[in-house]
Each structure stands twice: as structure tokens, then as C-alpha cells.
Number of protein chains: 2
Amino acid sequence: MKFDDKVPIYYQIKNYLYHEMLTGTLNPGDKLPAVRQLAVDLTVNVNTVQRALSEMITEGTIESQRGKGNFVTADTTRLAQLKEQLVMTQLAQVYEQLHALNLTDEEIIASLKRYIEQKGAGQNA
Amino acid sequence: MKFDDKVPIYYQIKNYLYHEMLTGTLNPGDKLPAVRQLAVDLTVNVNTVQRALSEMITEGTIESQRGKGNFVTADTTRLAQLKEQLVMTQLAQVYEQLHALNLTDEEIIASLKRYIEQKGAGQNA
DNA sequence: TATAGTGTAATAGTAAAATATAACACTAGG
DNA sequence: CCTAGTGTTATATTTTACTATTACACTATA
């Protein structure tokens with residue numbers, strides 16, 4: 001897996017797993033790949049995987065069972081909260097950044113629309 | 001100044017200076033504060049400031065005159081390009097993140113609108 | 001009870017960012 | 001010429017993320 005060297009790998013692993021958990025690749029209650037397998041898949045050290053998982057366990061989004069494996073929480077409410085939080089975090093970030101560049105609310109929305117349109121125009125498929 | 005420990009300080013200094021340059025605090029051709037003064041203001045080491053400045057000099061957004069100071073480029077075209085690039089980078093980032101969470105183009109736009117409305121509703125002033 | 005598969009943790013080493021400190025190079029003004 | 005203000009560079013040190021490696025703890029099963 002390719003990582004952005006501007007942000008810690010363990011942090012990017014969390015986002016990767018969030019993505020898997022929120023888009024159906026990993027469903028509530030599902031067992032995650034073994035930590036050693038994840039390390040291989042992501043070409044990363046076991047300890048780095050473990051660091052990401054530890055934080056997620058603390059957050060309650062995954063649950064650990066020693067000797068068995070790590071499991072996506074079966075608490076769908078918590079997963080819904082997680083998704084909402086991730087979306088809000090993203091929105092808050094763009095909004096603040098663009099607002100800081102003196103774009104008005106309307107300009108921010110307009111620029112996003114424009115971006116999406118242009119993106120679609122550039123598609124080949 | 002407060003920094004996010006998830007991303008290098010020199011990188012955040014670049015963004016700080018970009019902000020000053022694109023919102024009128026620092027105008028085209030303006031002299032920047034002395035590197036040692038910036039270091040004090042940002043409670044950061046001179047070398048860290050210098051690292052940020054070096055990259056910006058390479059990019060052509062600021063120009064260095066040894067013995068005199070660092071200056072915002074007088075090339076307003078380049079500054080406009082910089083702003084456009086920063087905006088696009090931000091938009092691309094949210095879009096990809098939210099798209100990765102299975103939000104459609106319409107949902108992305110709608111969620112941004114909703115965020116802005118709610119933000120306004122929460123204002124005290 | 002042995003073994004394979006799992007999570008967990010500790011140790012030691014490497015690399016990058018940031019710091020503290022000092023020195024060097026150039027400019028302007030007395 | 002000297003000095004103060006500026007950018008630039010270098011060295012040594014600390015901190016943090018990451019890696020490599022090893023060991024320990026628990027579960028299931030042959």
C-alpha cells in the first residue's frame with residue numbers, strides 16, 4: 001500500500017480500516033485479517049498495525065479477542081456515528097481552509113460543484 | 001502558534017505563510033518578517049522556518065535577498081495560481097475521502113450545504 | 001498435550017523532524 | 001571600517017515513527 005509521508009502510517013492504516021468497515025468490505029461483527037497478515041498486505045511492521053488497532057480498540061470501533069482475532073464491532077450505531085464523524089471532520093476541514101482563503105460560503109459550494117463537474121468531464125469511462 | 005502533531009511543522013508554516021500572502025496580510029512584493037522574528041512569533045526554531053522558506057523560494061512564491069530579507073513575489077499571476085492550487089487540493093481531498101465512503105456526488109454537495117447551514121445556525125454573533 | 005494460529009508486548013536499531021547553538025555571508029548606515 | 005540586521009549553513013542532540021526481532025499469552029483442535 002502507498003502511504004503519504006506527511007502523515008503517520010498508523011494513522012493512515014486507521015483510515016484504511018475505517019474505509020473497509022464503512023463500505024461493506026468488512027461488516028459489523030466480521031473478523032479482521034490477522035495482524036501479521038495485515039502487516040504483510042500493507043507492507044508494514046506488525047507493531048505499526050498494532051498501534052492503529054490499539055487506538056481503534058480504545059475507540060470501540062473494533063474489539064479484540066486474544067487468541068481469536070480482532071473483530072469489527074457489532075454495534076451498528078457506533079459505526080454510523082463513526083461515519084458521520086469522519087464526514088463532518090472532512091467537511092469542517094475544507095470549510096475552514098477555504099474560508100481562511102477568504103472564500104464565501106457560496107463560493108465554497110460553487111467551487112465544489114465546479115470541481116465535481118470538471119472531474120466528470122475529465123473521465124474516460 | 002499551535003501545530004497539529006500529525007503533520008510536519010515546516011509544512012504547516014508554509015500553509016500559514018500562504019494564508020498571509022493570499023488574504024492581504026502580506027501583499028505582493030511585501031517584505032516578510034525576519035526569519036529570527038518568525039521563529040520567535042511561531043515559537044519554533046530558525047532552521048524549521050528556513051526549511052519552509054527554502055521550499056517556497058524553490059516554488060517561486062517568495063524571493064530571498066541575502067542581507068535584505070525575504071519578499072512575497074510581485075508576480076500576482078503566480079499568487080493566483082497558488083491560491084487556485086490550494087483550493088483545488090482541498091476540494092480533491094474532501095471529494096476523494098467522501099467518495100471513498102460511498103457518498104454520491106449529490107450527497108457530497110448536500111452534506112456540505114447542510115454543514116454550512118448548521119454552522120451558521122450555531123453562531124452566537 | 002502438543003501444535004498452529006492468534007493477539008500483545010518488549011527490546012534494539014534506523015530515519016526524519018525539530019531543537020539548540022554557532023558560525024558564515026551579505027547589506028545598509030553610521 | 002565597524003556594527004546591526006538580515007539570510008544561510010553546519011553540527012550535535014532529542015524526539016517520534018517505524019522497523020526488525022523475539023518472546024509471551026491465549027484459543028482451538030488434532
Side-chain angles (χ1 to χ4, degrees), chain A residues 1-18 20-21 26-75, chain B residues 1-18 20-21 26-75:
Chain A
M1 181 172 173
K2 60 171 173 48
F3 294 103
D4 177 359
D5 64 354
K6 287 288 186 308
V7 43
I9 293 177
Y10 74 87
Y11 199 79
Q12 297 180 62
I13 293 175
K14 284 177 66 176
N15 280 319
Y16 165 75
L17 292 175
Y18 285 151
E20 303 295 284
M21 292 161 57
L26 287 173
N27 293 301
D30 273 5
K31 181 183 172 187
L32 274 67
V35 288
R36 290 171 183 79
Q37 187 58 46
L38 273 176
V40 170
D41 293 348
L42 305 175
T43 55
V44 131
N45 190 269
V46 180
N47 290 322
T48 307
V49 172
Q50 190 66 28
R51 175 158 184 182
L53 294 180
S54 298
E55 294 195 1
M56 296 175 76
I57 292 167
T58 300
E59 295 166 357
T61 49
I62 70 174
E63 289 160 10
S64 165
Q65 294 185 38
R66 198 184 191 103
K68 290 186 177 177
N70 291 303
F71 300 82
V72 178
T73 181
D75 184 347
Chain B
M1 179 172 177
K2 61 170 174 49
F3 293 104
D4 177 0
D5 63 355
K6 289 287 187 307
V7 42
I9 292 176
Y10 75 89
Y11 200 78
Q12 296 180 62
I13 292 175
K14 284 176 66 176
N15 280 319
Y16 165 75
L17 292 175
Y18 285 151
E20 303 295 284
M21 291 161 58
L26 287 173
N27 293 301
D30 274 4
K31 181 183 173 188
L32 275 66
V35 288
R36 290 171 183 79
Q37 187 58 46
L38 272 176
V40 170
D41 293 347
L42 304 176
T43 57
V44 130
N45 190 271
V46 181
N47 290 321
T48 307
V49 172
Q50 191 64 30
R51 174 157 184 182
L53 294 179
S54 297
E55 294 194 1
M56 295 174 77
I57 291 167
T58 301
E59 294 165 358
T61 49
I62 71 174
E63 289 160 10
S64 165
Q65 294 185 38
R66 197 185 191 104
K68 290 185 176 178
N70 291 302
F71 300 82
V72 178
T73 181
D75 183 347

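Within every chain, numbering begins at 1; the chains are lettered A, B, ... in the order of the sequence lines, protein sequences first and strands thereafter. What's counted below: heavy atoms across the whole structure, side chains too, no hydrogens, waters or symmetry copies. Computed from a predicted model, the values in this text were never measured in an experiment.
If you check every strand for non-hydrogen atoms under 4.0 Å, B:Arg51 touches sugar and phosphate atoms only.
Separation of atoms CZ (B:Arg51) and CG (B:Leu53) is listed at 12.5 Å; rounding is to 0.5 Å. Interatomic distance, B:Leu17 CG to B:Leu38 CG, rounded to the nearest 0.5 Å: 6.0 Å. Taken to the nearest 0.5 Å, the CG atom of B:Leu42 stands 9.5 Å off from the CD atom of B:Gln37. Put simply, NZ on B:Lys68 and CD on B:Glu63 are 12.0 Å apart, with the number rounded to the nearest 0.5 Å.
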Write out a two-atom table: protein N or O, nucleotide N or O from nucleotides 27-30 of chain D, distance below 3.5 Å.
residue: D:dA28; atom: OP1; partner: A:Lys68; partner atom: NZ; Å: 3.2

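Rounded to 10°, the helix from C:dT1-D:dA30 to C:dG30-D:dC1 has 10° between the axis fitted to its first five pairs and the one fitted to its last five.
Evaluated for a side chain to side chain contact (heavy atoms under 4.5 Å, CB included) with B:Glu20, the options B:Asp30, B:Leu26, B:Leu32 yield exactly one hit, B:Leu26.
When each of D:dA17, D:dT6, C:dA20 is scored by its nearest atom to the side-chain atoms of B:Lys31, the top-ranked nucleotide is D:dT6. Between D:dA17, C:dT8, D:dT8, one nucleotide has an atom nearer to the side chain of A:Asn70 than all others, and that is C:dT8. Listed nucleotides: D:dA17, D:dG7, D:dT21. Nearest to the side chain of B:Ala34: D:dG7. Of the candidate nucleotides C:dA20, D:dA20, C:dA18, D:dA20 has the atom lying nearest to any side-chain atom of A:Asn47. When distances are taken from the side chain of A:Thr48 to each of C:dT19, D:dA17, D:dT19, the shortest belongs to D:dT19.
A straight line from CE of A:Met56 to P of C:dG7 spans 14 Å, rounded to a whole angstrom. For the pair B:Asn45 CG and C:dA18 P, the computed distance is 10 Å after rounding to whole Å. Atom-to-atom, NZ of B:Lys6 to P of D:dT15 comes out at 19 Å; the value is rounded to the nearest Å. For B:Phe71 and D:dT6, the CZ to P distance is 10 Å, given to the nearest whole Å. At whole-Å resolution of the value, CZ in A:Phe3 and P in D:dA17 are 15 Å apart. The nearest whole Å value for the distance from the CD atom in B:Gln37 to the P atom in D:dG7 is 11 Å. Taking atom CD of B:Gln12 as the reference point, atom P of C:dA17 lies 13 Å away to the nearest angstrom. The CD1-C1' distance, from B:Ile62 to D:dT8, rounds to 13 Å in whole Å.
Both A:Asp5 and A:Leu53 lie near DNA chain C, and the one whose nearest nucleotide falls closer to the 5' end is A:Leu53. Judged by closest nucleotide on DNA chain D, A:Ile9 is the one of A:Ile9 and A:Arg36 placed further toward the 5' end.
At a threshold of 4.5 Å between non-hydrogen side-chain atoms, the residues A:Val44 and A:Val49 count as touching.
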Show the numbers, then the answer: is there a side-chain contact (heavy atoms from CB on, under 4.5 Å) between A:Asn45 and A:Ile9? CA-CA 10 Å; A:Asn45 190 269; A:Ile9 293 177; over 6 Å; no
I'd like to know whether B:Tyr16 forms a side-chain contact (heavy atoms from CB on, under 4.5 Å) with B:Gln12, so could you lay out the CA-CA distance, the side-chain angles of the two residues, the decisive distance to 0.1 Å, and finally the verdict. CA-CA 6 Å; B:Tyr16 165 75; B:Gln12 296 180 62; over 6 Å; no
With side-chain contact (heavy atoms from CB on, under 4.5 Å) as the criterion, how do B:Met56 and B:Asn70 come out once you've worked through the C-alpha distance, each side chain's angles and the decisive distance to 0.1 Å? CA-CA 10 Å; B:Met56 295 174 77; B:Asn70 291 302; over 6 Å; no
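Judged by distance alone, the side chain of A:Gln50 and the main-chain N or O of A:Val35 form no donor-acceptor pair under 3.5 Å.
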